[in-house]
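Lettering follows sequence order; numbering is per chain, from 1. Both backbone and side-chain heavy atoms feed into the values below; hydrogens, waters and symmetry mates do not.
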There are 2 protein chains.
Amino acid sequence: MPNSGQIPLSTLERLPAYLRAIDALVSHGVEHAPSALIAQRSGVSSSQFRKDLSLVGASSGVRGSGYDLEALRDQLREVLGSADRVGFVIVGAGHLGHALAASMSFRRGGLDLLGIFDIDEAKVGSEIAGIEVRHDSQLATFIANHGVSIVVIATSPSSAQDVADVAVKAGAQELLNFASVVLHVPPCVEVRSIDLGVELQMLALHARAGLGALSSQSSQASGM
Amino acid sequence: MPNSGQIPLSTLERLPAYLRAIDALVSHGVEHAPSALIAQRSGVSSSQFRKDLSLVGASSGVRGSGYDLEALRDQLREVLGSADRVGFVIVGAGHLGHALAASMSFRRGGLDLLGIFDIDEAKVGSEIAGIEVRHDSQLATFIANHGVSIVVIATSPSSAQDVADVAVKAGAQELLNFASVVLHVPPCVEVRSIDLGVELQMLALHARAGLGALSSQSSQASGM
DNA sequence: TAGATTGTTAATCGATTAACAATC
DNA sequence: TAGATTGTTAATCGATTAACAATC
């Protein structure tokens, strides 16, 4: 039962790392592995790995001999939704937009990149990751027509709120905001903000404070 | 007393958002504001804002009338270390490397971008964010000579581990890994891994599960 | 003084870890 | 059977929220 409505976000965020570790093992011909091995390759404790699987409802482990990797992979993929796909668009075809589009080119986790938009006429018509760049003025219509629920904002901070307003009005459910501003949207719209600069800043703090001095949970933090 | 060794990471990660909100208010000529206003603009509760300030040791609040924004800004900046600067380099001059370099161009939070490296001879010699691109073969020497402690890895997944090995051997203390692989480094080296694709995946899960169904803490998640 | 707002404490909540009984 | 390893429970830990006494 893929009751994903109950799975903690912290657990969900580790699943992709588990999948990567399993994929790597499978591609080396390994068919079975204990939790300790998969966990180590994923950068977590075996306790946490098993706990996460338990929360996710996956159960392809056999006491005494570990996990059937193929079966486990299929279960995790199902949770992460390889099945039903969700369409999204990227607004902003600068370097960040490019990088994001590339990161989605091998269609991971049920996401379909449907369109890329930019305000610069010079970029309109070019192709990124096999997708034609359209002008911002077509954004609202495109969202409405294609039932796009996710809009990734990779614009300058100054246009981010405008784009958000258009997207929300056209029916977007979720915004992923890479511009360094706090977006204001109706409560029914989910916003996740990511600031590349902030992440670097955090790392600098670690370096300054000396290793281990900060109350950091793990040395291999994952997710954004 | 900037005892940053005791401040929880979760608190530190919110400070940049506070700074941005304060900057915005100051630039509009506001000199004083209550916690509720700054918090709202930062996307957190006023409780959390005050608690964070308390943990940070900042104290420019006056009961009954709020905070002196300039003083508060200075205190937060000090915690985030505008004072002593830390040098870092970016390896990989693709779109992601470009985007990262741009996000650091206005020298936030005590970080100095000292160099950009790429394995492609064609890119060597060009300039990004005012910095000349060097060849990967010079990385080890550069790290050693300039006392670089932070290395940002924005290469392809296949070369990430190689770059990590070189960086660690040359004396890097911290790696910020944007390639989708788990890096293996000595325990004394801090690694933070960020996967742009994973973040999009998480958002897709939110959309699929229906708003609010996931046990997400806040609708304006921040940091990476 | 009366109103407003802080700084901090205590209560709640959630996430991680450790331990172990179940069992292949 | 004996050894290994899971799945889950209970204990720990940390982070968030709510409430309020202190006080400007």
Output the rounded distance in Å from [atom1] ([X]) to [atom2] ([N]).
X      : N       : atom1 : atom2 : result
I7(A)  : dT16(C) : CD1   : P     : 14 Å
D52(B) : dT16(D) : CG    : C1'   : 10 Å
L12(B) : dA15(D) : CG    : P     : 10 Å
L53(B) : dA15(D) : CG    : P     : 16 Å
E13(A) : dG14(C) : CD    : P     : 16 Å
L55(B) : dA15(D) : CG    : P     : 9 Å
I38(A) : dT6(D)  : CD1   : P     : 8 Å

Could you list the residues that satisfy side-chain contact (heavy atoms from CB on, under 4.5 Å) with [X], not counting sequence neighbours?
X       : value
A172(B) : V151(B), A167(B), L175(B)
A140(A) : V166(A), A170(A)
A160(A) : I153(A), T155(A), N177(A), A179(A), V181(A), L183(A)

Name all residues meeting the side chain to side chain donor-acceptor pair (under 3.5 Å) criterion together with [X]; count only those two or more places apart in sequence or in a different chain, and write none if there are none.
X       : result
S158(A) : S156(A)
H98(B)  : none
D165(A) : Q161(A)

Restricting to nitrogen or oxygen on both sides, can you table the protein-nucleotides 11-13 of chain D pairs closer than 3.5 Å?
none

Item to check | Closest to the Q48(B) side chain, choosing from dT17(D), dT6(D), dA15(D) | outcome: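 Of the options given, the side chain of Q48(B) lies nearest dT17(D).
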### Query
Between dT6(D), dT17(D), dT16(D), which nucleotide has the shortest distance from any of its atoms to the side chain of P34(A)?
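From the listed options, dT6(D) comes nearest.
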Using a cut-off of strictly less than 4.0 Å, decide whether [X] has a side-chain nitrogen or oxygen near OP1 or OP2 of [N].
X      : N       : value
S54(B) : dG7(C)  : no
S45(A) : dT17(C) : yes
Y67(A) : dG7(D)  : yes

Q: Go through the side-chain N and O atoms of Q75(A) and S60(A) and say whether any donor and acceptor fall under 3.5 Å apart.
A: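 S60(A) and Q75(A) do have a side-chain donor-acceptor pair below 3.5 Å.
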- Query: salt bridge (charged side-chain N to carboxylate O under 4.0 Å, His left out): which pairs involve residues 29-55 of chain B, sequence neighbours left out?
  - Reply: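 Salt bridge (charged side-chain N to carboxylate O under 4.0 Å, His left out) check on residues 29-55 of chain B returns R14(B)-D52(B).
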### Query
Between which residue ranges does DNA chain C form stems of three or more consecutive Watson-Crick or G-U wobble pairs, both distances under 3.5 Å?
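Only these stems qualify: C:3-24 with D:3-24.
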Please list every donor-acceptor pair under 3.5 Å in which a side-chain atom of residues 63-73 of chain B meets a protein atom from a residue at least two apart or in another chain.
from   : atom 1 : to     : atom 2 : distance (Å)
D68(B) : OD1    : E70(B) : N      : 3.2
R73(B) : NH1    : D23(B) : OD1    : 3.0

| message | Under the ring-ring contact (aromatic ring centres under 6.0 Å, His included) definition, can you give me all pairs with a residue in residues 150-174 of chain A, not counting sequence neighbours? | response |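 Of all non-adjacent pairs touching residues 150-174 of chain A, none passes ring-ring contact (aromatic ring centres under 6.0 Å, His included).
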*Are any side-chain N or O atoms of T11(A) and backbone N or O atoms of I7(A), one a donor and one an acceptor, separated by less than 3.5 Å?*
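Side chain of T11(A) to backbone of I7(A), a donor-acceptor pair under 3.5 Å: no, none is there.
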Per-nucleotide protein contact along nucleotides 18-24 of chain D, 5' to 3', at a 4.0 Å heavy-atom cut-off (B base, S sugar-phosphate only, - neither), is BB-BBBB
* Tell me what S35(B) touches on the nucleic acid: a base, only sugar-phosphate, or nothing, going by heavy atoms under 4.0 Å. =>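 Since only primed, P, OP1 and OP2 atoms lie under 4.0 Å of S35(B), the category is sugar-phosphate.
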